[in-house]
Amino acid sequence: MRNRLIAANWKMHKTPAESTAFLASLFPLVQNNTSAEIVICPAMTSLAPLADAARGSSIAVGAQTMHWLDSGAYTGETSPTMLTAMGVTHVLIGHSERRQYFNETDTTVNLKLKSALQHGLVPIVCVGEHINERNRDLTEDVLRLQISVALEGIDCEKLGPLVVAYEPVWAIGTGHTATPETAEDAHKIIRAEIRRHAGEEIAAGTRILYGGSVRPENAGSLNGMEDVDGALVGGASLESDSFAQIVALFAEQPA
Ligand code: PGA
């Protein structure tokens, strides 16, 4: 049984004060949750205050991106050692907005994944097809390529912490959630590709999250799918009430 993981991706929202206020309002709402892991990925400026405020609790803090090197002349970037020094434990890698607006490629995803694993950060690698790729029946090819380049050259013994988020680009911020069946099909493709690279044990243990317009209204049915192990939540994670509802729905064991 894979432990559920629910991650909030706040993107470029919330000041440090707003971030810690959110956390204070979330604590009582999730105090009965003992099963699902909760990770909040705020903007860089909120990482340190949020990690301080979450210390000792069951809520983890993740970055939305990072550089793969420890230091260097890379203006504007943040390194994995800077993240771990703040108490950050997770990192999103290759989110589609990073790919679309900041030139991230499968190759940089691979470099970042290697670096995250080396630094003890839990990597949440984001993959997903564009609508034109889905319409041309290319979803399987796109997902297999994204996963296979991401995992290239990494020993399977190192891949234990890997988390993958399937985020169809057409579902992000659009309100057009993938149906549970569409998500399940994609998650099965992703798991099969992980199995091909890293073997059965790693594939069976890797959490695959669904992301793209997850809401309290659709979280329960997504959680009912065999290969959906949690969610990466954007818009609906900005309010503690809706995020806590999603956590509660994923914390329930599917029948
Ligand atoms: P959304 O974003 O839930 O607002 O669709 C998800 C994401 O981009 O991770």
Side-chain angles (χ1 to χ4, degrees), residues 4-14 18-19 22 26 36-44 46-47 50 59-66 88 90-104 106 109 112-113 116 121-131 133-134 139 142-143 146-147 150 162-180 182-183 186-187 190 207-223 225 228-250:
R4 294 281 185 271
L5 194 160
I6 320 299
N9 175 12
W10 284 353
K11 310 190 180 186
M12 198 167 71
H13 294 284
K14 295 192 192 293
E18 288 165 348
S19 301
F22 174 100
L26 184 67
E37 278 176 57
I38 302 172
V39 182
I40 299 184
C41 304
M44 285 294 175
S46 290
L47 284 172
L50 209 58
I59 296 177
V61 175
Q64 296 173 11
T65 185
M66 66 172 198
V88 170
H90 293 65
V91 61
L92 301 181
I93 297 176
H95 188 279
S96 68
E97 287 151 17
R98 301 291 317 168
R99 294 176 189 255
Q100 187 176 348
Y101 305 124
F102 303 99
N103 300 324
E104 294 224 2
D106 292 336
V109 167
K112 291 179 182 200
L113 175 56
L121 287 159
V122 176
I124 304 177
V125 174
C126 304
V127 297
E129 80 287 359
H130 287 265
I131 192 64
E133 294 166 332
R134 171 159 290 271
T139 300
V142 169
L143 296 177
Q146 287 176 334
I147 293 292
L162 174 69
V163 178
V164 174
Y166 169 58
E167 296 208 308
V169 180
W170 47 270
I172 296 177
T174 60
H176 301 300
T177 323
T179 64
T182 300
H187 286 217
I190 291 165
R207 268 92 56 89
I208 305 180
L209 317 181
Y210 168 78
S213 299
V214 174
R215 305 271 183 274
E217 300 76 52
N218 53 39
S221 55
L222 287 161
N223 186 44
M225 306 314 285
V228 177
D229 307 312
L232 179 54
V233 188
S237 74
L238 292 170
E239 298 290 336
S240 54
D241 280 348
S242 56
F243 186 60
Q245 282 177 51
I246 292 168
V247 170
L249 287 159
F250 272 95

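Keep in mind that what you see is a predicted model, and the values were worked out from it rather than measured. Whatever order the structure lists them in is the order used to number ligands and atoms, beginning at 1.
Which parts of ligand 1 touch A171 is read off a 4.0 Å heavy-atom cut-off, strictly below it: atoms 5 (O). The ligand atoms of ligand 1 that sit less than 4.0 angstrom from a heavy atom of S213 are 1 (P), 3 (O), 5 (O). Set against the non-hydrogen atoms of L232, the atoms of ligand 1 under 4.0 Å away are 9 (O). Under a 4.0 Å criterion applied to the non-hydrogen atoms of G235, ligand 1 contributes the atoms 1 (P), 3 (O), 4 (O). Close contacts of ligand 1 with H95, meaning ligand atoms under 4.0 Å from a residue heavy atom, involve 7 (C), 8 (O), 9 (O). Of all the atoms in ligand 1, the ones that sit under 4.0 Å from a non-hydrogen atom of K11 are 2 (O), 7 (C), 8 (O). Counting atoms of ligand 1 from 1 in the listed order, those under 4.0 Å from a heavy atom of G234 are 1 (P), 2 (O), 3 (O), 4 (O), 6 (C).
The main-chain N or O of I208 is found under 3.5 Å from a side-chain atom of D229 such that the two form a donor-acceptor pair. Listed for the Y101 side chain is no donor-acceptor partner under 3.5 Å among the backbone atoms of N103. Between the side chain of S213 and the main chain of T177, no donor-acceptor pair closer than 3.5 Å is present.
When non-hydrogen atoms are compared, ligand 1 lies under 4.0 Å from neither the backbone nor the side chain of S237. Only the side chain of N9 comes within 4.0 Å of ligand 1, counting heavy atoms alone; its backbone N, CA, C and O stay farther away.
In summary, the side chains of Q146 and Y166 do not present any donor paired with an acceptor at a separation below 3.5 Å, with no hydrogens or angles considered. Side-chain contact annotation: Q64 with W10, donor-acceptor N/O pair under 3.5 Å absent.
Between E97 and K11, at least one side-chain N (NZ, or NE/NH1/NH2) sits under 4.0 Å from a carboxylate O, which counts as a salt bridge. Salt-bridge check for R99 with E104: failed, with every basic side-chain N at 4.0 Å or more from each acidic carboxylate O.
Exactly one of V163, L232, I93, V169 qualifies for a side-chain contact (heavy atoms from CB on, under 4.5 Å) with C126. That residue is L232.
Closest to atom 5 (O) of ligand 1 by heavy atom, among A7, G173, A8, A231, is G173.
What sits closest to atom 7 (C) of ligand 1 on the protein, heavy atoms only, is E167 OE2, 3.2 Å.
Residue contacts with ligand 1 include G212, since one of its heavy atoms falls under 4.0 Å from the ligand.
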